[in-house]
Amino acid sequence: MTTDIALFAGLFFSALTSATILPGTSEAALGALVAKGDHAVWLLVMIATTGNVIGSIINWALGLYIDRFRDRRWFPVSGAALDRAARWFSKYGLWSLLLAWLPIIGDPLTLFAGVMRVRFIPFLILVTIGKAARYAMIAGGASALASMLS
């Protein structure tokens, strides 16, 4: 039981950090746990999704406040880059949050949703759908691969 809690916590925090600027390996952790076959796949997908969505919520919350610092010398993104991102987000809109699971663009997308003041509930729904679909596909692939190898 204690081992299960540690495994679930490890998966959760790996997924959470994977959604922030910190490095994470949630896909590998999920795949390994699914392939091992000791836990319900739906539970593992739910834990990974929850951690990853909470990481995206942290990004969104940071985005709510980051814009006030854009004119500071130490700010890591230029005003021009922020303006370009605003135009891109305005062009593709709220539905682009379904792509928040993508590497490289997903984390900045959730941060920028905060900058653009996207309402929380639509943000939460769209990000959760995208991230749950990704983890379900990873789990399905890991399960199929484990079946083929056994």
Side-chain angles (χ1 to χ4, degrees), residues 7-36 39-148:
L7 288 173
F8 296 154
L11 177 60
F12 175 87
F13 285 109
S14 176
L16 187 142
T17 58
S18 292
T20 65
I21 61 170
L22 301 173
T25 57
S26 62
E27 293 85 358
L30 176 63
L33 289 173
V34 167
K36 191 173 177 194
H39 301 92
V41 173
W42 69 266
L43 178 61
L44 297 172
V45 168
M46 184 182 76
I47 291 168
T49 300
T50 301
N52 209 243
V53 169
I54 290 172
S56 292
I57 291 169
I58 291 168
N59 290 344
W60 175 83
L62 288 171
L64 292 175
Y65 299 101
I66 201 168
D67 196 45
R68 70 179 67 178
F69 300 111
R70 78 184 307 178
D71 295 326
R72 305 279 172 96
R73 199 175 357 198
W74 52 263
F75 194 71
V77 180
S78 71
L82 279 176
D83 292 340
R84 267 193 316 277
R87 284 192 303 276
W88 185 91
F89 195 85
S90 295
K91 180 179 179 181
Y92 295 105
L94 186 66
W95 296 103
S96 64
L97 290 171
L98 288 169
L99 302 176
W101 60 271
L102 285 171
I104 300 171
I105 69 163
D107 300 344
L109 186 59
T110 58
L111 179 91
F112 206 71
V115 171
M116 296 297 291
R117 302 290 193 256
V118 170
R119 291 187 344 255
F120 180 71
I121 296 301
F123 169 87
L124 181 64
I125 291 168
L126 293 171
V127 168
T128 300
I129 289 169
K131 290 181 181 267
R134 174 193 56 184
Y135 283 124
M137 287 189 287
I138 290 168
S143 183
L145 186 59
S147 295
M148 288 174 28

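The basis for the numbers below is simple: all heavy atoms, side chains too, and nothing from hydrogens, waters or symmetry mates.
- Annotation: the span from Leu97 atom CG to Met116 atom CE amounts to 11.0 Å, rounded to 0.5 Å.
- For residues 109-138, the set of pairs meeting the side chain to side chain donor-acceptor pair (under 3.5 Å) definition, not counting sequence neighbours, comprises Ser26-Tyr135, Glu27-Arg134, Asn52-Lys131, Asn52-Arg134, Asn52-Tyr135, Ser56-Lys131, Asn59-Thr110.
- With rounding to the nearest 0.5 angstrom, the CE atom of Met46 is 9.0 Å from the CZ atom of Phe8.
- In terms of the side chain to side chain donor-acceptor pair (under 3.5 Å) criterion, Thr49 has no residue partners (sequence neighbours excluded).
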Where do Phe89 and Val118 land on the side chain to side chain contact (heavy atoms under 4.5 Å, CB included) test, with the steps shown first? CA-CA 10 Å; Phe89 195 85; Val118 170; 3.6 Å; yes
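- Here Leu111 contributes atom CG and Ile66 contributes atom CD1; the two are 5.0 Å apart, rounded to the nearest 0.5 Å.
- Ile57 is listed as a side-chain neighbour of Phe120, based on a closest heavy-atom distance under 4.5 Å.
- Nearest approach of Asp107 to Ala19, heavy atoms of both residues: OD1-O, 3.2 Å.
- Annotation for Pro122 and Leu94: closest pair CB-CD2, 3.9 Å, computed over non-hydrogen atoms.
- Pairs of residues two or more places apart, or lying in two chains, that qualify as salt bridge (charged side-chain N to carboxylate O under 4.0 Å, His left out) and include a residue from residues 76-95 are Arg70-Asp83.
- Across Ala136 and Val45, no two heavy atoms sit closer than the pair N-CG1, 4.1 Å.
- Taking a 6.0 Å sphere around CZ of Phe13, one finds it holds 12 or fewer heavy atoms contributed by other residues, nucleotides or ligands.
- With Ser96 as the partner, the side chain to side chain contact (heavy atoms under 4.5 Å, CB included) test is satisfied by one option alone out of Ile105, Leu109, Leu102: Leu109.
- At least one donor-acceptor pair under 3.5 Å links the side chain of Ser18 to the backbone N or O of Ser14.
- At least one donor-acceptor pair closer than 3.5 Å links the side chain of Trp101 to the backbone N or O of Leu98.
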Determine, step by step, whether Trp60 and Leu124 satisfy the side chain to side chain contact (heavy atoms under 4.5 Å, CB included) criterion, reporting the C-alpha distance in whole Å, the side-chain angles of both residues, the deciding distance to 0.1 Å, and the verdict. CA-CA 10 Å; Trp60 175 83; Leu124 181 64; over 6 Å; no
